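Here's the structure we're looking at; comments come further down.
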Amino acid sequence: MKFMDLEVETLDAMLPGVREALQEHPLSVLESRESPGIGIFKQSPGPGLLVQREFGGLGATPLEAVRVQRAIGMLSPSLAVGTTMHHFSMASIVQLGEASTGFEWLLLEAVATDRLIVASGFAEGRAGTSIFDPTVSATRVDRGYRISGTKRPCSLSRSMDLLTTSIAVEPEPGAEQVMAVALIPADAEGMRVEPFWNSWALAGAESDAVVMTDVEVEDELVAVSSVGFGKELDLMSQYALQWFSLLISASYLGAVSRLVQMVLEYERPLESEKARLTIEVEGASMILEGLARSMMAGEQEGSGLTRALTGRFAIQQALQRTTALATELLGGVAFVSAPDVACVAASVHALALHPPHRIAATPTIVAHAEGKNAHVL
Ligand SMILES: Cc1cc2nc3c(=O)[nH]c(=O)nc-3n(C[C@H](O)[C@H](O)[C@H](O)COP(=O)(O)OP(=O)(O)OC[C@H]3O[C@@H](n4cnc5c(N)ncnc54)[C@H](O)[C@@H]3O)c2cc1C
């Protein structure tokens, strides 16, 4: 098997036709605001990738999911990043369903069978604040909540059918404020999308702003969490963040793999340089697959999230080195004669921008290295 064969085979087996449909378009189109990528994903069984088979999904294991995501990242970094946000929402709902009355299962089935796109709004475009500290407010109304605020950037914003979003629930007098996660139909009254993403890099992920004005949501669409405001993360959030760390790393690993493949197919670079590049990128892949296998072995509790974060930051550093080396080996003519090298090289750095920030994760990583157990991001 040659470089990337395993990932491409997994993509073809799980989402037949997606690769061919994406390959009909140049990278510059797939990475633009007009990208057909999310539409192609929506027509495939992709929305149900993480949904269990009994509910009509593909029930992908973490190992299968990271391989699919890496292959998609190689074809379109924007699509991989955007769909990671969908899968993050789905992983959270799957986990909620473990302790549920049945509503979550109906939702999972609807997503898989009707191929719904579920965006994920946690960031609010305020530098220096935790994603677990939302300002989007929710006040109690009869049998539900009234929600107002803005989520940005919010990938998949123009294609979403549903949005999962963190909210701060106004406390009863004398009680503490709590964070909750709401599921809101994209066409609910009071929902609108505004331009926000003003960069050409990753523009195909549709990461604009979602504005909510007095949006009313029923009780059963809101899950109150013990997370947030400096508290220890609960197991559901740890599990969902573990999935996110794996899938977002796989997405950018795929993007860099495109550059590596270009180098491997180019006869001019020395064998030793090709080997150095392969060691970097396949080493990162081995970290990723090791984390996926450990999730499958049920090691996600306890130190699972810290291991996933540590692995993600190791991959992040490896991808920065790989991108610089691959760009150098491809040379100036490749850089200036087509937009692909610059496009991928610029996009890859965005892995460092996804939460949690490396600096925000530092206390958790150091605490674990010292034998303490803490997950506060
Ligand atoms: C392509 C893309 C798509 C995205 N899509 C979504 C989406 O769909 N939904 C979503 O919710 N989010 C999404 N995000 C994530 C969201 O963009 C980030 O939460 C946001 O980028 C964080 O903004 P920031 O980097 O300016 O802020 P910060 O993370 O606050 O970083 C700003 C600066 O603060 C410093 N810093 C950070 N934390 C600490 C700390 N604890 N102590 C000291 N210094 C610190 C960092 O060095 C950094 O320089 C997406 C991001 C990207 C790149």
Side-chain angles (χ1 to χ4, degrees), residues 1-8 10 62-63 65-78 80-81 84 201-202 241-266 269-295 303-330 335 340-362 364-366 368-369:
M1 271 204 175
K2 67 176 193 315
F3 182 67
M4 288 299 289
D5 272 357
L6 188 57
E7 290 76 9
V8 169
T10 313
L63 190 59
V66 296
R67 287 178 181 165
V68 166
Q69 215 57 17
R70 183 179 178 190
I72 291 181
M74 185 167 78
L75 296 160
S76 168
S78 287
V81 170
T84 291
L202 297 166
L241 269 180
Q242 230 178 305
W243 265 110
F244 177 73
S245 304
L246 263 64
L247 296 177
I248 202 72
S249 303
S251 301
Y252 288 96
L253 175 63
V256 175
S257 301
R258 185 185 188 104
L259 294 184
V260 174
Q261 189 158 56
M262 286 168 74
V263 176
L264 294 176
E265 287 168 357
Y266 182 25
L270 292 172
E271 290 286 291
S272 58
E273 296 299 303
K274 289 185 178 180
R276 214 175 122 202
L277 202 57
T278 309
I279 290 163
E280 287 279 23
V281 78
E282 290 302 86
S285 170
M286 284 169 202
I287 295 175
L288 185 65
E289 296 212 348
L291 290 169
R293 285 178 206 276
S294 103
M295 244 181 123
S303 66
L305 175 58
T306 316
R307 280 162 52 80
L309 291 176
T310 309
R312 171 200 147 173
F313 296 127
I315 293 168
Q316 198 168 294
Q317 288 164 4
L319 296 190
Q320 285 165 5
R321 292 191 299 268
T322 315
T323 305
L325 182 58
T327 306
E328 183 185 22
L329 295 175
L330 285 167
F335 192 84
D340 294 16
V341 178
C343 174
V344 174
S347 302
V348 165
H349 289 285
L351 175 55
L353 311 180
H354 290 274
H357 193 278
R358 182 178 52 78
I359 297 173
T362 300
T364 299
I365 290 172
V366 173
H368 275 264

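Everything quoted here is computed from the prediction, not taken from an experiment. What's counted below: heavy atoms across the whole structure, side chains too, no hydrogens, waters or symmetry copies.
Under the side-chain contact (heavy atoms from CB on, under 4.5 Å) criterion, Leu6 pairs with Met1, Arg67, sequence neighbours left out.
When side chains are defined from C-beta on, Gln261 does not count as touching Leu264, because their heavy atoms never get closer than 4.5 Å. A 4.5 Å side-chain heavy-atom check between Gln69 and Val66 finds every atom pair outside the cut-off.
In this structure, Trp243 CH2 and Leu291 CG are separated by 12.0 Å, a value rounded to the nearest 0.5 Å. The distance from atom CD of Gln320 to atom CG of Leu325, rounded to the nearest 0.5 Å, is 14.0 Å. Going from atom CD of Glu273 over to atom CG of Leu329 covers 5.5 Å, rounded to the nearest 0.5 Å. Expressed to the nearest 0.5 Å, how far OG of Ser257 lies from CG of Leu319 amounts to 8.0 Å. Rounded to the nearest 0.5 Å, atoms CG (Leu202) and OG (Ser76) are 8.5 Å apart. A distance of 10.5 Å separates CD1 in Ile315 from OG1 in Thr310, rounded to the nearest 0.5 Å.
The two residues Gln242 and Ala308 make their nearest non-hydrogen contact at CG-CB, 3.6 Å. In terms of heavy atoms, Thr327 sits closest to Val341 at CG2-CG1, 4.0 Å. Closest of all the heavy-atom pairs between Pro62 and Leu246 is CB-CD2, 4.4 Å. Between Glu7 and Ala71 the shortest heavy-atom distance is O-CB, 3.6 Å.
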(message) Let's go through Leu259 and Thr322 carefully: what are the C-alpha distance in whole Å and the side-chain angles of both, what is the deciding distance for side chain to side chain contact (heavy atoms under 4.5 Å, CB included) to 0.1 Å, and is it a yes or a no?
(response) CA-CA 9 Å; Leu259 294 184; Thr322 315; over 6 Å; no

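Residue Arg258 qualifies as enclosed at atom CZ: its count of foreign heavy atoms under 6.0 Å is above 12. In this structure, Phe335 places its CZ atom where only 12 or fewer heavy-atom neighbours from other residues, nucleotides or ligands lie under 6.0 Å away.
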Under 3.5 Å donor-acceptor pairs involving side-chain atoms of residues 280-288, not counting sequence neighbours:
| unit_1 | atom_1 | unit_2 | atom_2 | d |
| --- | --- | --- | --- | --- |
| Glu280 | OE1 | Arg321 | NE | 3.4 |
| Glu280 | OE1 | Arg321 | NH2 | 3.1 |
| Glu280 | OE2 | Arg321 | NE | 2.8 |
| Glu282 | OE1 | Arg70 | NH1 | 3.4 |
| Glu282 | OE1 | Arg70 | NH2 | 2.9 |
| Ser285 | OG | Arg70 | NH1 | 3.2 |

Anything under 3.5 Å between a donor and an acceptor, one on a side chain of residues 342-358, the other on a protein residue two or more places apart or in another chain? List them.
| unit_1 | atom_1 | unit_2 | atom_2 | d |
| --- | --- | --- | --- | --- |
| Ser347 | OG | Cys343 | O | 2.8 |
| His354 | NE2 | Tyr252 | OH | 2.7 |
| His357 | ND1 | Ile359 | N | 3.0 |

